[in-house]
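Working notes, structure below.
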Amino acid sequence: MKGFTTKSIHIERFKPDVHGALRMPVYDSVAFEHASSKDIQLAFEGKKPSHSYSRISNPTVEEFEQKIRVLSDAFAVLAVSSGMAAISNTILTLAGANTNIVTSKHLFGNTFSLFEHTLKPWGLETRYVSMSNPDEVANAIDENTRAVFLENITNPQMEVADIAKISKITKEKKVPLIIDGTVTTPYLFKSKDFGVNIELISSTKYISGGATSVGGLIIDNGNFDWKNSPKLAEMARKRGPGALMSILKQEVYRNMGACHSAHNAYLQTLGLETMGMRIDRSCENTLGLANYLSQHAKVVGVNYPGLTDSPYHEVAKKQFGGKYGGILTMDLESKDACYCFMDELKLIKRATNINDNKTMIIHPNSTIYCEYSEEEKLGMGIRPTMLRVAVGIEDLEDLLNDFEQGLDKL
Ligand SMILES: *Cc1c(COP(=O)(O)O)cnc(C)c1O
C-alpha cells in the first residue's frame with residue numbers, strides 16, 4: 001500500500017472495534033473506567049497506555065492521530081483543538097522567558113499576534129528575518145534560540161523558502177525547525193525529507209473535508225535530539241525521542257486544555273480520505289485561474305508559486321512535487337477596484353477561510369490585518385491593492401466565468 005489516498009482509506013484501525021465497525025465511532029465520553037486501582041495508577045503515571053479523561057486523550061482522537069502519523073511517516077502526533085493551539089502549545093513547550101524564536105514577518109496574522117501580543121509580555125523574544133535569505137537565519141540564531149519557525153507557503157505573501165537549506169542551518173546549530181504546513185499537508189509536502197523536526201497543521205483547512213470543523217496537529221518527525229532543547233533535556237534523558245510528546249501530554253497540552261473534540265476528530269478522519277483528490281482539484285483550479293488572471297488587462301499582478309515567473313517557482317516545484325497549493329493573490333489598480341470587484345462576484349464567497357471546497361475571496365489589508373498600521377502591513381507584504389483568493393473544488397469554467405463578469409464591471 002503506497003498511494004496516499006489508498007493509505008488514507010485503508011490504514012488498519014489502530015485498535016480493533018468490538019463490533020467490527022469500519023468507521024471509528026465517536027466516543028463522546030469524558031471518563032473511562034479502569035479494571036483495578038493498580039491500572040488507574042499506571043495510567044496516571046503514563047506507564048500503561050489507556051484513556052482516562054478526554055481532555056488528555058480520547059479513542060476517536062487517537063485514531064485520527066494515528067492515521068496522520070502513518071500518512072506523514074512521523075514519530076508521534078498530537079491532535080489539538082485548532083491550528084493556533086498547535087502553534088501555541090508547541091512554542092510554550094520549547095521556549096520561555098529570556099529565550100527567543102527566529103521567524104519571518106510573513107506569517108498568518110494570528111500567529112504574528114500570538115508572538116507579538118500574547119507571548120512577548122511573558123518574556124519571549126521574536127526575531128524576524130527573511131527566510132529567503134538563509135544567512136539571515138543563521139546570524140539570528142544564538143544560544144537562547146529555542147526554535148526556527150516558518151510557513152512553507154506563506155499566507156498571503158506566497159513566499160516559499162528553501163526548507164532544505166534552512167534545515168541544514170538548524171541542524172548544525174542544534175535548534176529545532178518548526179514548519180507550519182497547513183496549506184500543503186503531508187499530501188504535498190513530506191516535511192521529514194526536508195529535515196523538518198516539527199510540522200504544525202491547522203486541520204481546519206484541507207483536512208477537515210470542506211470547512212466542517214476546527215482542529216490542529218502537532219507532528220513530531222522524531223529527528224531531533226531533545227537533549228539539545230533546554231526545557232526538554234531532562235525529559236529526553238528519561239524518554240529519549242518521546243520527550244516532546246511527554247512534556248506536551250503531561251504538562252503543557254494537559255494544562256492548557258486545548259484538546260481536540262471526538263466529533264471533530266471523526267469529521268477530520270473522514271476528510272482525510274478524500275483529501276488527496278480535493279487538493280489535486282484545488283491546485284489545478286488555482287493554476288488555471290492564475291494563468292487566466294495573469295493574461296487579464298485589468299489585473300496588475302498575480303502571485304502564485306505555480307506560475308513560472310514566480311520567484312519561488314523552482315523551489316516550490318522541488319518541495320511540493322509539482323503542485324503549488326490552493327491560494328493566490330491578485331493586485332488590482334486600487335483598493336476601490338478591489339472592493340468593487342469583490343462586490344460583483346456571484347459565485348465566489350466573500351469570506352475568510354482557505355482550502356475550503358468553496359472558493360473564497362478577501363481583502364486582507366482591511367480584514368485579517370486591520371489591527372495593524374499601514375506601515376506594519378506593508379512590512380508584512382499586505383498591500384491595499386491585494387486580494388487573496390482561496391480556490392475550492394468547483395468546476396474551473398464556472399470560477400473563470402465569475403471572475404470574468406466581475407472584472408468586466410471595472
Ligand atoms: C488557519 C491557519 C492557522 C490557524 O489555524 P486555526 O485552525 O484557525 O486555529 C495557522 N496557520 C495557517 C497557515 C493557517 O492558514
Side-chain angles (χ1 to χ4, degrees), residues 61 64 68 77-92 101 103-119 126 131 147 149-161 163 178-189 191 196 198-219 253 256-261 263-265 267-268 271-272 275 279 282 286 305 316 319-320 324-329 351-356 358 360-362 364 367-369 380-382 388-392:
V61 176
F64 176 51
I68 296 284
V77 173
L78 181 65
V80 293
S81 61
S82 67
M84 288 316 301
I87 299 170
S88 55
N89 273 277
T90 303
I91 299 295
L92 289 171
I101 54 170
T103 187
S104 147
K105 283 217 167 151
H106 290 177
L107 284 179
F108 176 67
N110 295 169
T111 307
F112 182 72
S113 174
L114 169 75
F115 295 158
E116 274 307 295
H117 302 148
T118 312
L119 297 178
T126 306
M131 290 293 166
F149 177 99
L150 68 144
E151 294 170 11
N152 60 3
I153 306 179
T154 73
N155 165 17
Q157 303 85 3
M158 306 285 106
E159 178 189 4
V160 182
I163 294 170
I178 307 174
I179 297 286
D180 181 332
T182 297
V183 298
T184 53
T185 80
Y187 180 62
L188 296 185
F189 180 58
S191 65
V196 173
I198 302 174
E199 184 177 5
L200 304 177
I201 291 179
S202 163
S203 50
T204 314
K205 311 294 166 55
Y206 273 134
I207 294 176
S208 75
T212 61
S213 49
V214 179
L217 291 159
I218 302 172
I219 302 174
Y253 160 78
M256 297 304 290
C259 55
H260 207 23
S261 81
H263 186 67
N264 289 354
L267 291 172
Q268 296 181 5
L272 267 182
M275 187 178 75
I279 292 182
S282 87
T286 316
Q319 269 169 198
F320 312 128
Y324 304 91
I327 306 169
L328 61 77
T329 65
T352 183
N353 192 19
I354 56 169
N355 309 149
D356 198 313
K358 295 183 178 71
M360 292 179 184
I361 192 162
I362 196 163
T367 54
I368 304 169
Y369 294 87
M380 292 184 260
I382 312 298
R388 182 187 78 184
V389 185
V391 183

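We count ligands from 1, going down the list as the structure has it; atoms in each ligand are counted the same way. Sequential numbering from 1 along the given sequence is applied to the chain's residues.
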Check each N or O atom of ligand 1 against all protein N or O atoms and list the pairs under 3.5 Å, with atom names and distances to 0.1 Å, one per line.
{"from": "ligand 1", "atom 1": "5 (O)", "to": "S202", "atom 2": "OG", "distance (Å)": "3.1"}
{"from": "ligand 1", "atom 1": "7 (O)", "to": "G83", "atom 2": "N", "distance (Å)": "2.8"}
{"from": "ligand 1", "atom 1": "7 (O)", "to": "S202", "atom 2": "OG", "distance (Å)": "2.8"}
{"from": "ligand 1", "atom 1": "7 (O)", "to": "T204", "atom 2": "OG1", "distance (Å)": "2.6"}
{"from": "ligand 1", "atom 1": "9 (O)", "to": "G83", "atom 2": "N", "distance (Å)": "3.1"}
{"from": "ligand 1", "atom 1": "9 (O)", "to": "M84", "atom 2": "N", "distance (Å)": "2.9"}
{"from": "ligand 1", "atom 1": "11 (N)", "to": "D180", "atom 2": "OD2", "distance (Å)": "2.6"}
{"from": "ligand 1", "atom 1": "15 (O)", "to": "K205", "atom 2": "NZ", "distance (Å)": "2.8"}

(message) Determine whether the aromatic ring centres of residues Y187 and Y206 are separated by less than 6.0 angstrom.
(response)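 Y206 vs Y187: aromatic centres not under 6.0 Å.
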
(message) Quick check on side-chain contact (heavy atoms from CB on, under 4.5 Å): which of I207, L200, L78 does L217 satisfy it with?
(response)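 Answer to the side-chain contact (heavy atoms from CB on, under 4.5 Å) test with L217 among I207, L200, L78: I207.
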
(request) Give a yes-or-no answer on whether the side chains of Q268 and S203 include a donor-acceptor pair shorter than 3.5 Å. (result)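 A donor-acceptor contact under 3.5 Å links the two side chains.
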
(request) Go through the side-chain N and O atoms of T182 and E151 and say whether any donor and acceptor fall under 3.5 Å apart. (result)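 No pair is found: no donor N or O on one side chain lies under 3.5 Å from an acceptor on the other.
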
(request) For ring-ring contact (aromatic ring centres under 6.0 Å, His included), just list the numbers for Y369 and F112, CA-CA rounded to whole Å, side-chain angles, deciding distance to a tenth of an Å, and then say yes or no. (result) CA-CA 10 Å; Y369 294 87; F112 182 72; 8.3 Å; no

(request) List in chain and number order the residues that pass side chain to side chain contact (heavy atoms under 4.5 Å, CB included) with N353, two or more places apart in sequence or in another chain; answer none if no residue qualifies. (result)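 K205, A211, D356, M360.
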
